[in-house]
Protein chains: 2
Amino acid sequence: MGDMNAPTAPMAVGEVARLTGVTVRTLHHYDALGLLRLSGRSDAGYRLYSSADVARLGRVVALRRMRIALRDIPGLLDADPATLRAALLRRRDELRAEARGMEATVRLITRALEEDDMTTPATREDLAEIFGDGFDDAQAEAAARWGRTRAWQESQRRTAAYTRADWEAIKAEADANVAAFLDAMTAGTPPEGPAAMRAAEDHRAHVDRRFFACDHALQRNLADLYDSDPRYAVAYDGTHPGLSAYVTAAMRANAARATG
Amino acid sequence: MGDMNAPTAPMAVGEVARLTGVTVRTLHHYDALGLLRLSGRSDAGYRLYSSADVARLGRVVALRRMRIALRDIPGLLDADPATLRAALLRRRDELRAEARGMEATVRLITRALEEDDMTTPATREDLAEIFGDGFDDAQAEAAARWGRTRAWQESQRRTAAYTRADWEAIKAEADANVAAFLDAMTAGTPPEGPAAMRAAEDHRAHVDRRFFACDHALQRNLADLYDSDPRYAVAYDGTHPGLSAYVTAAMRANAARATG
DNA sequence: GTGCGGCCTCCCGTCGCGTGAGGGTCAAGT
DNA sequence: ACTTGACCCTCACGCGACGGGAGGCCGCAC
């Protein structure tokens, strides 16, 4: 009366797909990767899945729900619990890191939205947040020292319109530049060396684009100014002693190289 | 004395890359996409970036830090604030959704780790969590009703070893199956229609793989059993009246189709 | 015999670049 | 004048996990 072979009758892709919730294309893909050593083919070439195959696929799907990479899955299907555990721990850490990255981006966008970052100038609070507290004091002191120079006035005029996004880009550029100088110094190359020259030229271009027209003659003046201003020494040497002297030497060497 | 053209001298890719913190390859890529209408080329074919180009690139980089897709960026660089705002809001929502997905995966892995999901049988608490409270009662009632049948005993023997991961897969399969029946019913197709036949056959295969050997003869018995047990009617009809009768009719039709 | 649905095998597309291969260009040193 | 060595160029493949379509065979029902 009952059909005796039905319970173990192998299934074709469509049924397996419906049973497991994956697409037919996915089954093809897994087959192409050799992830499923499926039990056979019909005469017409149809893929046939036994219930053991479907069970195996179920474990694959479970691992995929944990976002385990396909290439790691074959090694985990028949792994001992300790190996599996280690893999899951590692993947979990990676996912947490990714999620944190996403949330950081969400916060970045939120700030951009709240503060109309991209269109309105940054506030003093923004600047303090980006560059650290004490920014106001430094600003006032700088104004007192150099407020009458042309360069300062041009800088003031230009930076007044900078948005928070601008300032963040500026800080990123400045940080990269300091890192370049630091690399050159800790590598033991002299301030006249090619690495320091590149960094000094980058620095000049940075100042020129962001603050005031700064050719190589003015770069020499800027080096003098840095040397004469303890704020710069503190900023550069705070973490790495000797860096400020290295930087100003490189600036002079670069200026000399360019102007003769 | 000063070199008058330096401040506006266009830069080549390497310098721009160092200034903005992106790679040279990225600049090539943006150029290929037409994202940067850069000001020109040198005689040798070198890309030349004016400071305006670099400023534009800076805005591109700022948007990329917000994980805005490259294809959306051209439209946002010169967009009015409202458009930009809308795009940022949309992207933020997407990122939040992605982050939530990641965290859900993290929780999934955490549970798998804590409960040794993949190797040890699930607990009653697991089952209550997956299938809802009342699972215990239902289990006891079912045992009282059908405890002496062979099918029940086989089912008990097999399910005893199922892990939490197994049960979650089972629930996913069952949900998909119910959805298939529901689709067939709401589409107005009869219980003997092809869609319902597929769903009924899937259901039989599901039971066969997961619980007890279930051929088409036994499927008919199972339909009788469903009709006789108010728990099934409640489970199926709870959300969609008439579904349980539709399902058992389909089961009988499928059994008849297969056994004649 | 003729649909129609399901199955097959390629093979291109996705997204944002990384990473060569193979070859010109440019400033500096010999 | 020649050679480094550091730039720059243009292809073009690779990645990860499939989606989707073209073109064609298979099987069951009318």
Side-chain angles (χ1 to χ4, degrees), chain A residues 10-18 20-36 38 40-49 57 60-61 63-74 91 94 98 101 105 189 192-195 197-198 201-202 254 257-258 260, chain B residues 9-18 20-36 38 40-49 57 60-61 63-74 91 94-95 98 101 105 189 192-195 197-198 201-202 257-258:
Chain A
M11 294 171 267
V13 280
E15 196 173 359
V16 175
R18 261 173 290 133
T20 58
V22 304
T23 68
V24 170
R25 180 69 183 85
T26 298
L27 293 176
H28 285 174
H29 188 54
Y30 291 175
D31 190 15
L33 295 185
L35 206 54
L36 253 51
L38 54 91
R41 299 281 189 127
S42 78
D43 291 345
Y46 288 19
R47 289 172 182 79
L48 296 179
Y49 295 81
L57 174 61
V60 171
V61 170
L63 289 172
R64 279 264 55 200
R65 271 202 293 261
M66 300 180 192
R67 305 196 195 208
I68 307 287
L70 286 182
R71 75 175 49 186
D72 297 335
I73 289 183
R91 190 74 187 108
E94 292 167 9
E98 276 189 68
T105 306
T189 63
E192 311 83 35
M197 285 306 89
R198 273 206 305 267
E201 183 57 19
D202 282 350
N254 185 59
R257 190 181 57 140
Chain B
M11 294 171 267
V13 281
E15 196 173 0
V16 174
R18 261 173 289 136
T20 57
V22 304
T23 68
V24 171
R25 179 66 180 89
T26 299
L27 293 176
H28 286 174
H29 189 52
Y30 291 176
D31 190 15
L33 295 185
L35 206 55
L36 252 52
L38 54 91
R41 299 281 188 124
S42 78
D43 290 347
Y46 288 18
R47 289 173 181 79
L48 296 179
Y49 294 81
L57 174 61
V60 171
V61 171
L63 290 172
R64 279 265 45 187
R65 271 202 294 262
M66 300 180 192
R67 305 197 195 206
I68 308 288
L70 287 181
R71 78 175 46 187
D72 297 335
I73 290 183
R91 190 76 187 104
E94 292 167 7
L95 287 169
E98 276 189 69
T105 306
T189 63
E192 310 82 35
M197 284 305 90
R198 273 206 306 266
E201 183 55 20
D202 284 349
R257 190 182 57 140

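Hydrogens, waters and symmetry mates are skipped; everything else that's a heavy atom, side chains included, is used. Quick note on labels: first sequence line is chain A, next is B, and so on, each numbered from 1. These numbers come from a predicted model, not from an experiment.
Between L48(A) and A44(B), the residue whose closest nucleotide on DNA chain C is further toward the 5' end is L48(A). Each of D43(A) and H29(A) was matched to the nucleotide of DNA chain D holding its nearest heavy atom; the match closer to the 5' end belongs to H29(A).
Comparing dC7(C), dC8(D), dA17(D) against the side chain of A12(B) picks out dC8(D) as the nearest. Closest to the side chain of V13(B), from the set dC8(D), dC7(C), dC18(D), is dC8(D). Taking only side-chain atoms of L70(B), from C-beta outward, the nucleotide of dA17(D), dC8(D), dC17(C) with the closest atom is dC17(C).
Using a 4.5 Å cut-off on side-chain heavy atoms (C-beta onward), E94(B) and R67(B) make no contact. At a threshold of 4.5 Å between non-hydrogen side-chain atoms, the residues Y30(B) and L70(B) count as touching.
Distances shorter than 4.0 Å separate none of the side-chain N or O atoms of R25(B) from OP1 or OP2 on dG20(C). Phosphate contact (OP1/OP2 of dC7(D), side-chain N/O of R18(B), threshold under 4.0 Å): absent. OP1 and OP2 of dC7(C) both lie 4.0 Å or more from every side-chain N or O belonging to R47(A). For dG5(C), the OP1/OP2 oxygens have no side-chain nitrogen or oxygen of R198(B) closer than 4.0 Å. Close to dG19(D), at under 4.0 Å from its OP1 or OP2, lies a side-chain N or O of T26(A).
Atom CD in E201(A) sits roughly 13 Å away from atom P in dC7(D) (whole-Å rounding). When rounded to the nearest whole Å, the span between CG of L36(A) and P of dC18(D) equals 12 Å. dC17(C) atom P lies 11 Å from atom CG of L57(B), rounded to whole Å. For I73(B) and dC15(C), the CD1 to P distance is 13 Å, given to the nearest whole Å. Distance, D31(B) CG to dC8(D) C1': 13 Å, rounded to whole Å. Across the protein-nucleic acid pair, L27(B) atom CG and dG18(C) atom P stand 10 Å apart, rounded to whole Å. The separation between L33(B) atom CG and dT10(D) atom P is 14 Å, rounded to whole Å. Whole-Å rounding puts the H28(B) NE2 to dG18(C) C1' distance at 13 Å.
Here the CE atom belonging to M197(B) is positioned 6.0 Å from the CZ atom belonging to R257(B), to the nearest 0.5 angstrom. One distance of note links CZ of R64(B) with OG1 of T105(A); it measures 10.0 Å at 0.5 Å rounding.
Using a 4.0 Å heavy-atom criterion, one finds that T23(A) contacts the sugar-phosphate atoms exclusively. At the heavy-atom level, R41(A) lies under 4.0 Å from the strands shown only through sugar-phosphate atoms. Residue R67(B) is out of contact with every strand shown, counting any heavy-atom pair closer than 4.0 Å.
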Inset, instruction - Take L27(A) and D31(A) through the side-chain contact (heavy atoms from CB on, under 4.5 Å) test and state the conclusion after the steps. - result: CA-CA 6 Å; L27(A) 293 176; D31(A) 190 15; over 6 Å; no

Inset, instruction - Kindly determine whether R18(B) and E15(B) satisfy salt bridge (charged side-chain N to carboxylate O under 4.0 Å, His left out), including the steps that lead there. - result: CA-CA 5 Å; R18(B) 261 173 289 136; E15(B) 196 173 0; 5.8 Å; no

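Judged by atom type and distance alone, Y46(B) reaches the base of dG24(C) through a side-chain donor-acceptor pair under 3.5 Å.
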